[in-house]
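Everything below concerns the one structure shown next.
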Amino acid sequence: MHYLGLLARGAPAAAYDEPSNSGPDAGPDAGSGAGPDETRARRLALRVRAELEGRRRREAELTALFETAHDLAGLRDVDAVLRAIAQRARSLLSTEVAYMTLTDTERGDTYMRVTEGSVSARFQQLRLGMGEGLGGLVAQTARPYVTDDYMRDERFRHTRTIDGGVHEEGLVAILGVPLLLGREVIGVLYAADRRARVFEREEIALLGSFAAHAAVAIDTARLLAETRGALAELEAATTVARDHSRVIERAGEIHDRLTELVLRGGGVADVIDAVSEVLDGRVEFTETVSARAAATADGRAVREGADWVAPVAAGGELLGALRLRGEPARGAPDLDPVDLRTLERAAMVTSLLLLARRTAGEAEQRVRGELLDDLLDAADRDPRLLRERATRLGADLDLPHTVLAARMAGDDGADRQRLWSAASHLAITRRGLATTRDGCTVLLLPGVPGTPAGDAAALARQLSAQLSAALSAAVTVGAAGPATAPAAHPAAVATAFAEARRCLDTLRLLGRDGDGAAADDLGFLGLLLSGGRDIAGFRDRTIGPVLDYDSRRGTELLATLDAYFRCGMSAARAKDELHIHVNTVSQRLDRVSRLLGDDWQTPDRALEIQLALRLHHLADTP
């Protein structure tokens, strides 16, 4: 009964060594020596007590393992689970410290992951190379190791770093078991005391069970992280796919709209209107392109200040650019990839439209050139056929037309092509014709607003100024005409061209590049160049004001002028020939200056005036 009482009270093992009669339950035989029955009873009681203690310990271990498994089942924070494993290992093994290291595959060592009961910062930051210290040996061999005095144990490779950390922490007895996933060691779980201790086999097995749970927790956390990553990537991919689907759908709608616009016969202005509406901004086409935009050979849009600029190019030739205007205060608008691609696609469509327009224009230019060639070469062409061809081109060959011959100062092949292209465009806008002949560009133009009817010289000057400005080079133009009804009189066109060509050559010989003139502007040279030899017209243009003055006033300015030239332009000698006072001669010559201009005595003007006086006298002579 005595030992049953001890078992019931849960008395310590030392209490079983006390005599049975010393207790409160001593019977009548108390005080006598222990007999064989009492010794056997005591032994059985101690065995029962040990069994009960073992079962309580296993119950506590199983409870701890169950709680750990429960924590793993609801895993939310792997750090919290690993800390809980270290805490329970420390508690169940009754150690002062428990900790865990994990393998770093990139660096080939292990590092401290969780500590429980540690007080040394140096120890908590230890890294153990494979085979170094107890933990390095466990990680290398995948087997548990235990020592009751680490510093004196020669089985381990000691290093200054590891020994320093262990010494600072004050650890003596250490047990380490591997964290295994299959055959791979992912870390080590430790239990340690700051005094010498022998770890039993059951304790090693218990720590191994906790290590297995820790390995599962780490692997589960890794799988969860990978799963979350995969889900995030899948969600991102789904979002991207959805966005791409919207992008493709919108891009398709824009493409269809531009395609329909082109097929409907729309022009550049229609494309600009459509893109402005799609981008909700102001888009413009400009022929002036910056060097930065011109450098984007792949046609990509670039930012320029507050604008987006997409070059309009085809076949390496820069035709212009589409410019999406932004607000200077806010900078260039933010465009998503679809908007940016829309602007670039619109630039490409614009280049196609410009090329198509150019091709059509070049074809029309060739047709116009062929018609003008026929007028110059074939005087016997059927007027009806000429009229029909001209009507299809928007020209009216029954109107008076001026013939003009133009040439650039440089006059090489490239310059001639540029001049012909510009002149052809001008001819189209003015309902005329243009071709090339004898190294120059020939135009046949009807009367032009802003010039007097039939004034070939004024038209030549106007055309010279326009072409020079357009080509940034001096363009010289000679003119003749007007040729009346070219369709009915093709030969008149050829005659006028010959005169216009002579005027052009004369201007260049006189050093008047970049000027325009007709025969009437060239004085006596014009008289020689003119096919009609308009003597009366030359006289009237040269001394007509003097003739009119004498006719109205009854004066003798013409006679005085004639005498002045005959006397070698000497007023003193002229007064003797005219029998008047020298002051009278001077007064008359002043009047001539007011009528003819102050430069009438310059060599060129004087020569023309003398020739006009001679022709006047010849015309008055029977």
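Just so you know, these numbers come straight off a predicted model, no measurement behind them.
- With S468 contributing its side chain and A465 its backbone, the two residues share no donor-acceptor pair below 3.5 Å.
- Residues V442 and T436 form no side-chain contact, since every pair of their non-hydrogen atoms from C-beta on lies 4.5 Å or further apart.
- Side chain of S464 to main chain of G514: a donor-acceptor pair is present (N/O by atom type, distance under 3.5 Å, no hydrogens or angles).
- Salt bridge annotation for D377-R437: present, with a cationic side-chain nitrogen under 4.0 angstrom from a carboxylate oxygen.
- Put simply, CG on L557 and OH on Y549 are 6.5 Å apart, with the number rounded to the nearest 0.5 Å.
- The two residues V403 and F497 make their nearest non-hydrogen contact at CG1-CA, 3.6 Å.
- Residues meeting the ring pair (Phe, Tyr, Trp, His ring centres under 6.0 Å) test with Y564, sequence neighbours left out: W600.
- The environment of E226 atom CD is dense: over 12 non-hydrogen atoms of other residues, nucleotides or ligands sit within 6.0 angstrom.
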Subject >> Test side chain to side chain contact (heavy atoms under 4.5 Å, CB included) applied to E284 and L322, step by step >> reply: CA-CA 6 Å; E284 301 173 353; L322 291 186; over 6 Å; no
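- Screening residues 582-602 for salt bridge (Lys or Arg N to Asp or Glu O under 4.0 Å), with sequence neighbours left out, gives D599-R605.
- Taken to the nearest 0.5 Å, the CD atom of Q587 stands 10.0 Å off from the NE2 atom of H581.
- Of all heavy-atom pairs between A423 and T441, the closest is CB-CG2, 3.6 Å.
- The closest donor-acceptor contact from the side chain of R282 to the backbone of R325 lies at 3.5 Å or more, if one exists at all.
- Closest approach of L595 to V546, counting heavy atoms only: CD1-CA, 4.2 Å.
- The shortest non-hydrogen separation linking L471 to M408 is CD1-SD, 3.8 Å.
- Looking at R431, its side chain never comes within 3.5 Å of a backbone N or O of P446 through a donor-acceptor pair.
- Once rounded to the nearest 0.5 Å, the distance linking CG of D550 with OG1 of T560 reads 8.0 Å.
- In this structure, T227 OG1 and L231 CG are separated by 6.5 Å, a value rounded to the nearest 0.5 Å.
- Looking at H425, its side chain never comes within 3.5 Å of a backbone N or O of A422 through a donor-acceptor pair.
- With R407 as the fixed residue, the side chain to side chain contact (heavy atoms under 4.5 Å, CB included) test singles out one of V475, L504, D513: L504.
- The distance from atom OG of S551 to atom CG of L547, rounded to the nearest 0.5 Å, is 8.5 Å.
- One finds the CG atom of D455 at 10.0 Å from the CD atom of Q462 (value rounded to the nearest 0.5 Å).
- Without hydrogens or angle criteria, S421 side chain to Q417 main chain gives no donor-acceptor distance under 3.5 Å.
- Heavy-atom minimum distance, C503 versus G478: CB-CA, 4.1 Å.
- Residue pairs meeting the salt bridge (Lys or Arg N to Asp or Glu O under 4.0 Å) criterion with at least one partner in residues 553-570, sequence neighbours excluded, are D562-R566, R566-E577.
- Looking at every heavy atom in both residues, A479 comes nearest to L404 through CB-CD2, 3.9 Å.
- Between the side chain of T584 and the backbone N or O of I580, no donor-acceptor pair lies under 3.5 Å.
- Under a 3.5 Å cut-off, the side chain of D307 and the backbone N or O of V309 do not form any donor-acceptor pair.
- Between the S276 side chain and the V283 main chain, a donor and an acceptor come within less than 3.5 Å of each other.
- Inter-residue side-chain proximity for V477 and D515 is flagged as unmet; no heavy-atom pair is nearer than 4.5 Å.
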